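Okay, so here's the structure we're looking at.
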Amino acid sequence: MKTLLRALIILSSLSMLAACAPDTRDQGSEVVTTYEPAQPNVMDEDGYKVVRGSTRVQDMSVNFDQATKGMTLKGRIEFLPVRAKSVQTVELDLAGILDPYGFIALKAYKAKTQDNRDLKVAAKATCLSVDGGCRSSFIDIYVYYQGIVYHHQVESLQDDVSPAAEESIPGEEELPADEESEIEGGHDEVEGEPGRYVGDIADDIEKILEVKKPEAPKSEETPKTEEPKKEEPKKEEPKQDTPKKDEPKKDPPKADPPKKEDPKKDPPKKDEPKKEEPKKEEPKKEEPPKREEPKKDPPKTGQPRVPETAPAVNKVSQAIGPVNAGRLQNAANMLTYEQAHAPTGYEIIRPKRKTHFATNELAYIIVKMGLLTKKEIPGYELSVGDLSREAGGKLGSHKSHQNGLDADVAFFFNNKSFQGYFASAVAVNKPHANWMLEPQWKLFKEVVGTQLIDRIFIHGALKQALCSHAIANGELTKGDNSSLAAQTLRRLIPEKDHHNHFHLRVKCSKAQVRCRQMAEPVNTTGCF
């Protein structure tokens, strides 16, 4: 009997605990900081002072409701003000609704620091989920305090944002083992800390945080210059009194002529047709803007820059998320372009894999490399391997190539028998005798000069050869970090597995509004 009573007590206590247990749906998911510099960095973002590396989040969670499309962000953020020595803590309780473009503006009514000084706080979630939801996202948190914006970014990846995570690559089974490794590689193509991404945040600060750029000093200077101009007429008033006495004598004759000239008012009626001529010219001035509107179409054929008056987001190619956990929308088909514009100077070497899709910016770079190849090496075709799937997502053993920003490209060789596959340009840790260093150097400078290139992964022995070449030609000197040669070498990242191809990655542009950009490489050449 006692045993039965004990069992009943245990069961009742367990049921009570279960009834009192919190609903996990309300708890949300934990977040992870994407980028945390060792020291605070104060940067100018289009007129705003922005600090990174001076913040820390605690007990922060995010919850997205698929039914209501609403998100909440709760927790604490600590920041060390630039003009203070004590850390400030802000309690966050932000909420917002998913918009049609895949973003959520998270706001709160009020927020105060420990010392009760008012400040502004807001956040923006960049949604990455494939189903159009926001269970997976990057969240940029902004705290405005004493004229400075403190920026902290976290990520919450509850869903697999790759739309084709489990699908095999068409034609993959037809590749021999050695060629498969050449195409895919098993190396780390991301380089840097995972999730280390930054973006253009000036627009967020103005629209979401609702902080305007500091322009007060300029507006105060203008009234000061205008004040003395207002005082000048006061000094001229006594001078106007004397002519007023003389003017009445001259006024009568001036008043008579207008009476005689009354009939002369008819001629202006004859001049009226002349005024109509400029009216006919006005529509001609309005025509050019109307003719310029079709210029929005070229980005689909590979132009890199999209004007500010670009069409809606869903009509432009979109790299969504980071290169190692993203997807692609409205991709450019580089195989179709090659077939329609042959000879292009480049060749998609594995079309059956269906991995020849890119953003408009990457498409522009590939076309540009093809044109340079035709110019520098007539009759030669630049071999292009994997770009991305049409919808992005995981691609074989690649750790990137997920959002249309990456491309694997073969090196130049003076022996055309090396065309059509990825041949190694390194022999015993030295450049291969058939590797064409000069055309390769020209190609790298050409693409980096567009300012669209983020990184180019290349074997260390090949980069060192390019360093020596630039120094010998006088293109690079010690301490030079600004010339085209220096900036090109800065973006050539040495990686031992990239001996049989180079891996090119373009930046996120302003047109790629949901793209997450990796942090810039250190501004050094690595040659000295």
Side-chain angles (χ1 to χ4, degrees), residues 182 189 302-304 334 337-338 341 343-349 356 358-359 361-387 405-416 418-426 431-476 483-495 498-507 521 525-527:
E182 289 175 356
E189 297 169 336
Q303 289 188 6
M334 299 313 297
Y337 185 93
E338 175 194 339
H341 298 83
T344 58
Y346 74 85
E347 177 193 8
I348 300 296
I349 59 175
H356 44 263
T359 58
E361 292 81 1
L362 178 59
Y364 171 82
I365 293 297
I366 292 173
V367 171
K368 196 173 187 67
M369 289 192 297
L371 293 174
L372 185 137
T373 301
K374 288 201 301 181
K375 178 183 175 182
E376 295 295 325
I377 318 172
Y380 196 98
E381 287 187 331
L382 184 65
S383 299
V384 177
D386 287 341
L387 306 180
L405 299 179
D406 298 279
D408 286 342
V409 186
F411 291 113
F412 284 137
F413 293 93
N414 56 23
N415 187 339
K416 290 186 179 181
F418 285 91
Q419 289 186 105
Y421 69 103
F422 287 176
S424 179
V426 178
H432 194 283
N434 287 329
W435 178 52
M436 302 179 74
L437 182 148
E438 182 62 33
Q440 198 74 64
W441 177 235
K442 286 184 179 180
L443 182 141
F444 287 153
K445 287 190 295 181
E446 180 82 6
V447 296
V448 171
T450 65
Q451 298 185 355
L452 294 174
I453 303 301
D454 175 44
R455 286 163 169 77
I456 300 175
F457 297 93
I458 186 175
H459 193 277
L462 302 179
K463 176 176 179 178
Q464 191 55 50
L466 294 171
C467 284
S468 301
H469 179 73
I471 294 170
N473 286 349
E475 296 180 77
L476 181 68
S483 67
L484 177 58
Q487 286 300 305
T488 300
L489 291 162
R490 169 196 181 185
R491 298 188 183 278
L492 292 179
I493 309 299
E495 214 287 325
H498 287 86
H499 60 92
N500 59 358
H501 71 282
F502 64 89
H503 178 123
L504 180 145
R505 176 175 299 148
V506 301
K507 298 178 181 178
T525 63
C527 295

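For reference, positions follow the sequence shown, starting with 1. These numbers come from a predicted model, not from an experiment.
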Q.
Taking the basic N atoms (NZ, or NE/NH1/NH2) and the acidic carboxylate oxygens, is any pair closer than 4.0 Å for Lys507 and Asp454?
A. no

Q | Those residues that, when tested against Ala358, pass side chain to side chain contact (heavy atoms under 4.5 Å, CB included) (two or more places apart) | A | Met334, Leu362, Leu387

Q: Can you sort out the partners of Glu446 under salt bridge (Lys or Arg N to Asp or Glu O under 4.0 Å), two or more places apart, ordered by chain and number?
A: Lys368

Q: Output all residues satisfying side-chain hydrogen bond (donor to acceptor under 3.5 Å, both in side chains) with Asn415, sequence neighbours left out; order by chain, then residue number.
A: Ser417

Q) Any donor and acceptor pair, going by atom type alone, linking the side chain of Lys463 with main-chain N or O of Pro494 inside 3.5 Å? A) no

Q. Do Gln419 side-chain atoms and Glu381 backbone N/O form a donor-acceptor pair below 3.5 Å?
A. yes

Q) Excluding sequence neighbours, so at least two apart, what forms ring-ring contact (aromatic ring centres under 6.0 Å, His included) with Phe412? A) Tyr380

Q. With sequence neighbours left out, what residues match His499 under side-chain hydrogen bond (donor to acceptor under 3.5 Å, both in side chains)?
A. Ser424

Q) Can you tell me if Glu338 uses its side chain to pair, donor with acceptor, with the backbone of Ile348 under 3.5 Å? A) yes

Q: Not counting sequence neighbours, which residues clear side-chain hydrogen bond (donor to acceptor under 3.5 Å, both in side chains) with Glu438? List them please.
A: His469

**Q.** Partners meeting ring-ring contact (aromatic ring centres under 6.0 Å, His included) with Phe413 (sequence neighbours left out)
**A.** Phe418

Q: Any salt bridge (Lys or Arg N to Asp or Glu O under 4.0 Å) involving residues 465-475? Give me the pairs, sequence neighbours left out, ordered by first then second residue.
A: Lys445-Glu475

What pairs of donor and acceptor atoms, side-chain ones from residues 371-379 against any protein atom, are under 3.5 angstrom apart with sequence neighbours left out?
| residue | atom | partner | partner atom | Å |
| --- | --- | --- | --- | --- |
| Thr373 | OG1 | Met369 | O | 2.8 |
| Lys374 | NZ | Pro343 | O | 3.0 |
| Glu376 | OE1 | Lys442 | NZ | 3.4 |

**Q.** side chain to side chain contact (heavy atoms under 4.5 Å, CB included) partners for Ala486, two or more places apart
**A.** Leu476, Asp480, Ser483, Thr525

Q. Under 4.5 Å between any side-chain heavy atoms of Asp408 and Val384, yes or no?
A. no

**Q.** Counterpart residues, side-chain hydrogen bond (donor to acceptor under 3.5 Å, both in side chains), relative to Ser468 (two or more places apart)
**A.** none

